[in-house]
There are 2 protein chains.
Amino acid sequence: MKESIEHKALRERGLRITQPRIVVYRALADVKAPLTAQEIVHSARLVDQATVYRTLELFVEAGIARKVNLQSGLVRYELNSDDHHHLTCTRCERVEDFRGCHVEKISSHALAHSRFFSTITSHSLELFGLCNSCSRT
Amino acid sequence: MKESIEHKALRERGLRITQPRIVVYRALADVKAPLTAQEIVHSARLVDQATVYRTLELFVEAGIARKVNLQSGLVRYELNSDDHHHLTCTRCERVEDFRGCHVEKISSHALAHSRFFSTITSHSLELFGLCNSCSRT
DNA sequence: CCCTATTTGCGAATTATTCGCAAATAGGGT
DNA sequence: ACCCTATTTGCGAATAATTCGCAAATAGGG
């Protein structure tokens, strides 16, 4: 029998497999857009608030998920699947993914000019605009 | 007699010149790193909390300042001087600026592949790493 | 099946942000 | 310089977001 994806993700990093962690993982897996902690709390009513926050932090540390910051100021989380970024509508908050980010050049350029850094471990790139239906009105 | 920079910024966008606005502007101008609303509240004790939040929102709408999202999850604000980005230490939160971001290529590539968007109005790019002194330990 | 380290749920504390409304005030007109 | 009014502020309190401490529950190795 096949091991589920969420079990695999947890087991691979030596984390205990618990109900709350599976629930949070699925909440993230089920949607396309990045979720806030509160959105997960409300969707997954069975899991306690504090646990959701703790689990999300854990996921980020373990590399299972990552934080995403959109304009709103709320931290959002999404599974760390692969290297994609977001194009967010500043009016309706619709999110579309895009790929093909060549931050390497930018990073190496930045590093070359940096006085205090010699390692870059991650980056965040977000594009903002108006989606077609919002720009029509 | 010369008009101060903060008066100019406010007047140019048709905003009233008030004490709180000047204080918040100076708080942002005086530091190099982006500040949270709370940091400004605590530094500028004379200005009420609610006013600080309102003023920051106003500045963003007016284009005087912009929001910056670092890992922490707190929204930070900085003056909208020119197009620079940040290299942030994930350990100690030290921030260094860098220039030379060529997001245009990335944006146009993203737009070309987008199904729902045809305008990009802004972007955010943040690099994260370890600063030299943190990576030593 | 036990045993223990880990994780959870709960309740409550903190912290961040927003709101409503009356008092204060900026700045145009005179 | 002085009114007048629309705007902005401060205050107090509400709301929302996040974190904490601790006792009860439980995952998973032996």
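Numbered from 1 within each chain, the chains take letters A, B, ... in sequence-line order. This is a predicted model, so every value here is computed, not measured.
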Practice prompt. Could you tell me the separation between the CD atom of B:E39 and the C1' atom of C:dT17, rounded to a whole number of Å?
Written response: 16 Å

Practice prompt. Scan every strand shown for a Watson-Crick or G-U wobble partner of D:dA1, both distances under 3.5 Å, and answer none if you come up empty.
Written response: C:dT30

Worksheet entry | Donor-acceptor pair, side chain of B:R13 and main chain of B:A9, under 3.5 angstrom | yes

Worksheet item: Is B:R11 paired with B:E3 through a side-chain N to carboxylate O contact shorter than 4.0 Å?
Response: yes

Worksheet item: Does C:dA23 have a Watson-Crick or wobble partner in any strand here, with both distances under 3.5 angstrom, and which is it?
Response: D:dT8

Worksheet item: With respect to the phosphate group of C:dT17, does any side-chain polar atom (N or O) of B:Y53 fall under 4.0 Å of OP1 or OP2?
Response: yes

Discussion item. Check this for me: does any side-chain nitrogen of one of B:E78 and B:K67 sit under 4.0 Å from a carboxylate oxygen of the other?
Written reply: no

Worksheet item: Taking CZ from B:R54 and C1' from C:dA16, how many angstroms apart are they, rounded to a whole number?
Response: 15 Å

Worksheet item: Who does D:dG30 pair with, Watson-Crick or G-U, both distances under 3.5 Å?
Response: C:dC1

Item to complete: Nearest-nucleotide wise, let me know which of A:D48 and B:L15 is further upstream toward the 5' end of DNA chain D.
Response: B:L15

Worksheet item: Considering heavy-atom distances to DNA chain C, does A:A50 or A:L58 have its closest nucleotide positioned more toward the 5' end?
Response: A:L58

Worksheet item: Any salt bridge between B:R76 and B:E39, counting N to O under 4.0 Å?
Response: yes

Item to complete: Answer with yes or no after comparing the ring centroid distance for A:H85 and B:H123 against a 6.0 Å cut-off, counting only values under it.
Response: no

Discussion item. Under a plain distance cut-off of 3.5 Å, with no hydrogens placed, do B:S114 and A:E96 share a side-chain donor-acceptor pair?
Written reply: yes

Discussion item. Classify B:L10 by what it touches in the nucleic acid, base, sugar-phosphate, or nothing, heavy-atom distance under 4.0 Å.
Written reply: nothing

Worksheet entry | 5' precedence on DNA chain C between A:Q49 and B:A37 (nearest-nucleotide basis) | A:Q49

Worksheet entry | Who pairs with C:dA12 - Watson-Crick or G-U, where each distance is under 3.5 Å | D:dT19

Worksheet item: Is the side chain of B:N80 donor-acceptor paired with the backbone N or O of B:G63 at a distance under 3.5 Å, no angle test?
Response: yes

Worksheet entry | Span of DNA chain D, from the first to the last nucleotide whose atoms fall under 4.0 Å of chain A heavy atoms | D:dA17 to D:dG28

Item to complete: Could you check how far CD of B:E57 sits from C1' of C:dA16, rounded to whole Å?
Response: 14 Å

